[in-house]
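Let me begin by presenting the structure, written as structure tokens, before commenting on it.
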Number of protein chains: 2
Amino acid sequence: MTADLSRDTLTRSAEDYLKAVYHLTADGEAAGTNQLAEALDLAPASVSGMIRRLAEQGLLDHAPYRGVTLTADGRRVALRMLRRHRLIEAYLVAHLGYTWDTVHDEAERLEHAVSDTLVERMAKVLGDPLEDPHGDPIPGPDGSLAEMVYVPLADVPVGQEAEIRRVHTSQSDRLRYLSGAGLVPGARVKVVAREPFAGPVRLRIGKRDQVIANELALMLLCSLPGSLA
Amino acid sequence: MTADLSRDTLTRSAEDYLKAVYHLTADGEAAGTNQLAEALDLAPASVSGMIRRLAEQGLLDHAPYRGVTLTADGRRVALRMLRRHRLIEAYLVAHLGYTWDTVHDEAERLEHAVSDTLVERMAKVLGDPLEDPHGDPIPGPDGSLAEMVYVPLADVPVGQEAEIRRVHTSQSDRLRYLSGAGLVPGARVKVVAREPFAGPVRLRIGKRDQVIANELALMLLCSLPGSLA
DNA sequence: CTTGACATTTCGTATACACGAAATAACTAT
DNA sequence: ATAGTTATTTCGTGTATACGAAATGTCAAG
């Protein structure tokens with residue numbers, strides 16, 4: 001059943017498509033062609049063609065005009081890429097002087113080139129970390145993933161304290177801004193006020209007050225003291 | 001004059017061809033199509049086509065039926081790949097538990113994927129090494145290369161002491177054998193005897209005697225105490 | 001000189017992936 | 001139901017790289 005997923009069976013493009021489908025279907029919905037085209041910065045026509053090929057290879061389930069989901073094999077590939085990507089990010093930050101706003105692009109290229117051996121060596125050197133520098137969970141070598149349920153800071157009630165756990169963006173300008181403001185995984189903040197209609201969020205971090213756009217607050221995933229997380 | 005050699009201007013294949021031409025022309029002779037095809041494990045017809053494209057891009061000089069040499073731009077690319085490759089090997093050995101017989105393939109893939117930034121970070125962490133684990137010199141970021149002239153162990157006179165400086169192969173089975181025998185860069189050996197007609201070489205290393213095939217002795221590049229190297 | 005033998009190039013073709021334009025399916029609002 | 005909008009697919013193409021078969025150039029031996 002399990003197709004040959006070892007090395008070099010899949011092209012870089014295929015790996016990128018599967019990763020994208022993984023992310024787009026995280027909400028349980030099938031991923032549309034346009035969505036995918038947008039995410040991969042390709043023309044919809046190109047995506048349509050690639051979807052056909054990946055479906056033929058048994059990596060995607062495709063319901064024409066309905067979108068795609070990952071097959072078990074496809075998910076395996078996506079999770080392996082995710083593990084690679086996040087471990088590489090963690091390694092580059094820990095050992096090669098990268099900052100969380102600069103690792104993404106490097107990891108994006110390396111994830112297609114490293115061997116399983118190298119990935120596992122990096123994991124070992126890092127002490128088998130469970131999260132990357134953005135707080136994103138790192139899948140196990142077997143494809144297991146301990147996905148926590150966090151609350152976007154945008155949804156944390158006013159007056160509530162919260163601890164930032166994940167910062168869900170890979171855009172370096174945003175990451176730079178956020179780390180400048182101390183809004184990194186592990187930081188504790190208190191929501192002081194929020195404007196209605198997706199308005200900005202005012203929060204207290206340490207002794208400073210900070211106002212951030214709702215758009216950013218959506219990316220800061222938090223745990224609330226008292227909840228199990 | 002200097003063409004755009006930054007990132008992504010060149011395909012992986014192009015980089016591999018230029019590297020191969022670099023190695024094949026080390027003796028001063030132009031590299032033939034068949035030679036190149038052999039080195040890259042491709043059909044001569046494919047090489048012929050690629051040669052044309054690389055010549056059009058100003059990376060190779062091509063005299064039809066005569067072979068190719070690198071242009072200045074081509075050499076720049078080749079030396080950058082060489083720097084990448086050797087630094088990556090050095091880094092993997094120093095920090096990620098690789099041995100010199102296992103690094104080659106990994107470096108071969110990574111050299112196409114790492115950014116200049118990452119290469120220079122690795123160089124820095126390593127303290128800007130001048131040689132890789134095989135004793136091969138690492139070109140500078142500017143493309144400078146301090147190539148030493150060494151004597152193959154196969155040519156060292158009987159009775160002479162020599163220090164191994166470079167081990168000129170990337171085949172892991174040979175490398176494993178050689179390191180098992182202690183024949184690594186820095187080792188001091190004394191040639192005890194040699195059979196005629198490219199026969200095996202008997203040598204003394206430490207307190208042990210060792211006989212190695214001439215083929216291997218050709219790959220062990222040595223400096224002789226007393227010579228300037 | 002001429003003739004093999006061998007190296008090299010040319011030619012037609014295949015695969016993987018991208019594109020735009022045009023055709024088609026699906027949904028939405030009347 | 002049906003027309004318009006939007007999403008998706010199909011089709012014809014282009015680029016990069018590989019291949020084998022056939023044509024052609026080169027050189028050494030006679």
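Just so we're on the same page: letters track the sequence lines, and every chain starts at 1.
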Problem set entry | side-chain N/O B/Tyr17 vs D/dA18 OP1/OP2, d < 4.0 Å | yes

Exercise. If you round to the nearest 0.5 Å, how far is CD of A/Gln57 from OG1 of A/Thr71?
Worked result: 10.0 Å

Exercise. How many angstroms lie between CD1 in A/Ile51 and CG in A/Asp61, if you round to the nearest 0.5 Å?
Worked result: 12.0 Å

Exercise. Between D/dT17 atom P and B/Leu18 atom CG, what is the distance in whole Å?
Worked result: 11 Å

Seminar exercise, completed: Taken to the nearest whole Å, CZ/A/Arg66 to P/D/dT9 is 11 Å

Problem set entry | B/Asp16 side chain to B/His112 side chain, donor-acceptor N/O pair below 3.5 angstrom | yes

Exercise. Is the Lys NZ or Arg CZ of B/Arg121 less than 6.0 Å from the centre of A/Tyr98's six-membered ring, within 45° of the axis?
Worked result: yes

For this session: For the pair B/Arg194 (side chain) and B/Val156 (backbone), establish whether a donor and an acceptor sit closer than 3.5 Å, ignoring hydrogens and angles.
Result: yes

Quick test: give all pairs of protein nitrogen or oxygen and nucleotides 1-5 of chain D nitrogen or oxygen below 3.5 Å, distance rounded to 0.1 Å.
none

Exercise. Can you tell me if the side-chain N/O atoms of B/His62 get under 4.0 Å from OP1 or OP2 in C/dT8?
Worked result: no

Problem set entry | Atom CG of B/Leu130 with >12 non-hydrogen neighbours under 6.0 angstrom | no

For this session: Quickly work out the A/Glu56 CD to C/dC17 P distance and round it to whole Å.
Result: 12 Å

Exercise. When you measure from the side chain of B/Thr11, which nucleotide among D/dA16, D/dA7, D/dT9 comes out closest?
Worked result: D/dA16

Seminar exercise, completed: Rounded to whole Å, the CG-C1' distance (B/Asp41 to D/dA18) equals 12 Å

Exercise. In residues 43-54 of chain A, which ones come under 4.0 Å of DNA chain C, going by heavy atoms?
Worked result: A/Ala43, A/Ala45, A/Ser46, A/Met50, A/Arg53

Problem set entry | B/Arg12 CZ to C/dC17 C1', straight-line distance once rounded to whole Å | 14 Å

Problem set entry | Distance in angstrom units between B/Glu38 CD and C/dC6 P, rounded | 16 Å

Seminar exercise, completed: d(A/Leu110 CG, B/Arg109 CZ) to nearest 0.5 Å is 11.5 Å

Exercise. Tell me, which of residues 20-28 of chain A have any heavy atom that sits under 4.0 Å from an atom in DNA chain D?
Worked result: none

Seminar exercise, completed: To the nearest angstrom, the OH-P distance between B/Tyr65 and C/dA5 comes to 19 Å

Exercise. Does any non-hydrogen side-chain atom of B/Arg83 lie less than 4.5 Å from one of B/Asp116?
Worked result: no

Problem set entry | Residue closer to the 5' end of DNA chain C, A/Leu42 versus B/Asn34 (nearest nucleotide) | B/Asn34

Exercise. Looking at B/Thr33, does any N or O in its side chain come under 4.0 Å of the phosphate oxygens OP1/OP2 on C/dT9?
Worked result: yes

Problem set entry | Main-chain N/O of A/Gly28 paired with A/Thr25 side-chain donor or acceptor, under 3.5 Å | no

